[in-house]
Protein chains: 2
Amino acid sequence: MPDKTYNIGVEATMDIIGGKWKSIILCHLRQQTLRTGELRRAIPQITQKMLTQQLRELENDGIVNRKIYEQVPPKVEYSLTDRGNSLNAILHQLCLWGESNIAERKSNGETINLLSEEQEVNS
Amino acid sequence: MPDKTYNIGVEATMDIIGGKWKSIILCHLRQQTLRTGELRRAIPQITQKMLTQQLRELENDGIVNRKIYEQVPPKVEYSLTDRGNSLNAILHQLCLWGESNIAERKSNGETINLLSEEQEVNS
DNA sequence: TGCTGTAGATACTTAAAAGTACCTATACAA
DNA sequence: TTGTATAGGTACTTTTAAGTATCTACAGCA
């Protein structure tokens, strides 16, 4: 796809963080390097295929680093690039906004939940 | 859809600003109230159907206000709610990040363009 | 010897998002 | 009287994103 044209900056940014998983993956990479399996366990609903696919795209966009340890069984670590870090600072604000927005809407009587790592649902 | 559960704040935020058009629409509503037609002209590629649909969803999420003037021909104005304004402050940063990211990538030899309202492509 | 964990790839299917086409109704201008 | 602008609605199709199932290869453990 040669020569992609955007009409506004946010369109370009959304091209990078859009979709169901990328923003979630990036938020988990905030402040820490994670192995593939650690990411997968941090985001239980994601499939191996989607995780790999999204990480590849983020790598191609220069947002995450992929470090391969040449050993068996394989070990691969993902971390944010400088560009990824600058983006993640804003993403973190979106994360905080989402949390307070949920709190606001819950106090309005809506039923929306944010699961913390602690309070798991045991149904 | 009763009882939606999110695992991380950014997931909830993306539920609101995700998709191809919403972030763009919101950025255009920054600092100004716009009529439907003004929005449509500001975002030439969007269709009437998508514009209306996305605005309805943003209204349901408490992000935009819809003010109907009971007159013929119809007049409808869209503006940001307080909640919309708090979200838009962050969205504006994503916009700026996108612009500088494009500049960065262009200096790297990639061909990506950001059209300002001035410099139209005359091919 | 067979099972688990590691990090993928690939073909295929399903679900969701976006786009197209065509419809309403009325005021105003040429 | 025909065309334009206003702000939509609705049925249908196409495109894109996401999900499912199954495959590789090797080390270490019981």
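The sequence lines fix the lettering, A, B, ..., with proteins before strands; numbering per chain opens at 1.
Regarding A:L51, its CG atom lies at a distance of 16 Å from the C1' atom of D:dA17, rounded to whole Å. Distance A:Q71 CD to D:dC26 C1': 12 Å, rounded to the nearest Å. Rounded to whole Å, the distance from CG on A:D15 to P on D:dT16 is 13 Å. Whole-Å rounding puts the A:E70 CD to D:dC26 P distance at 13 Å. Between B:M50 atom CE and D:dC12 atom P there is a gap of 19 Å when expressed in whole angstrom units. Following rounding to the nearest Å, B:I46 (CD1) and C:dT20 (C1') show an atom-to-atom distance of 15 Å. Here D:dA18 presents its C1' atom at 12 Å from CD of A:E57, a figure rounded to the nearest Å. Distance, A:I43 CD1 to D:dA18 P: 13 Å, rounded to whole Å.
Applying the salt bridge (Lys or Arg N to Asp or Glu O under 4.0 Å) test to pairs two or more places apart or on separate chains, those with a residue in residues 82-104 of chain A are A:R83-B:E104, A:E104-B:R83. The salt bridge (Lys or Arg N to Asp or Glu O under 4.0 Å) pairs that include a residue from residues 21-37 of chain B are B:K22-B:E57, where partners are two or more places apart or lie in different chains. Among residues at least two apart or in separate chains, there is no salt bridge (Lys or Arg N to Asp or Glu O under 4.0 Å) pair with a member in residues 37-51 of chain B.
Rounding to the nearest 0.5 Å gives a distance of 8.5 Å between CD of A:Q32 and CG of A:L39. For the atom pair CG of B:L91 and CD of A:Q93, the computed distance is 11.5 Å after rounding to the nearest 0.5 Å. One distance of note links SG of A:C95 with CD1 of A:I24; it measures 9.5 Å at 0.5 Å rounding.
Of the residues in residues 18-25 of chain A, those placing a heavy atom less than 4.0 Å from an atom of DNA chain D are A:G19, A:K20, A:W21, in numerical order.
In the hydrophobic cluster analysis, where Ile, Leu, Val, Met, Phe, Trp and Tyr join through side-chain heavy atoms closer than 4.5 angstrom, A:Y78 is grouped together with A:I68. Under a hydrophobic clustering in which Ile, Leu, Val, Met, Phe, Trp and Tyr are joined whenever their side-chain heavy atoms come within less than 4.5 Å, directly or via other members, A:I102 and A:W97 fall into different clusters.
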Close N or O pairs between protein and nucleotides 4-13 of chain C (under 3.5 Å):
unit_1 : atom_1 : unit_2 : atom_2 : d
C:dT6  : O3'    : A:R35  : NH2    : 3.0
C:dT6  : O3'    : A:P74  : O      : 3.2
C:dA7  : OP1    : A:R35  : NE     : 3.2
C:dA7  : OP1    : A:R35  : NH2    : 3.2
C:dA7  : OP2    : A:G37  : N      : 3.2
C:dG8  : OP1    : A:R56  : NH2    : 2.9
C:dG8  : OP1    : A:R66  : NE     : 3.3
C:dG8  : OP1    : A:R66  : NH2    : 2.4
C:dG8  : OP2    : A:T36  : OG1    : 2.8
C:dG8  : OP2    : A:Y78  : OH     : 2.8

Pair up each side-chain donor or acceptor in residues 12-21 of chain A with any protein partner under 3.5 Å, not counting sequence neighbours, and list the distances.
unit_1 : atom_1 : unit_2 : atom_2 : d
A:T13  : OG1    : A:G9   : O      : 3.4
A:T13  : OG1    : B:L94  : O      : 2.6
A:T13  : OG1    : B:G98  : N      : 3.2
A:D15  : OD2    : A:Y6   : OH     : 2.5

